[in-house]
Amino acid sequence: MIKTKAFCHFTIPVKNLDRSEKFYVEWLGFKKIGRTERIVFMRSGDDYFNLTFSENPITLNGPAAMKSIPPSG
């Protein structure tokens, strides 16, 4: 079994991949790892994330979204 110390992977939905890639690389200093037609793979330090093209409006997580998650414990 692989033992990990940390793991971070998430996707940021965007409407314009080119513009978003430019912002994250040129303004925030993140490194582009690779790209497909719909996804830009990025790295910030030891953490990885994706910019993913999304045609649909993005729904924000908030109190209403949290109501569907059962309490833990």
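Every heavy atom of this structure was used, including side-chain atoms; hydrogens, water molecules and symmetry mates were not. Count residues from 1 along the sequence.
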Atom of Phe53, atom of Lys15 and distance for their closest heavy-atom approach: CE1-O, 3.2 Å
Scan the side chains in residues 29-40 for donor-acceptor partners under 3.5 Å anywhere in the protein, sequence neighbours excluded, and list what turns up.
from: Lys32; atom 1: NZ; to: Glu21; atom 2: OE2; distance (Å): 3.2
from: Arg35; atom 1: NH1; to: Asp18; atom 2: OD1; distance (Å): 3.0
from: Arg35; atom 1: NH1; to: Glu21; atom 2: OE1; distance (Å): 2.5
from: Arg35; atom 1: NH2; to: Asp18; atom 2: OD1; distance (Å): 2.9
from: Thr36; atom 1: OG1; to: Arg38; atom 2: N; distance (Å): 3.4
from: Thr36; atom 1: OG1; to: Ile39; atom 2: N; distance (Å): 3.1

- prompt: Once you round to the nearest 0.5 Å, how far does CG of Asn16 lie from OG of Ser54?
  reply: 12.5 Å
task: Please list, chain by chain and in numerical order, all residues satisfying side chain to side chain contact (heavy atoms under 4.5 Å, CB included) with Lys22, sequence neighbours excluded.
output: Glu26
field: Inter-residue atom distance Tyr48.OH - Thr11.OG1, 0.5 Å rounding
entry: 15.0 Å
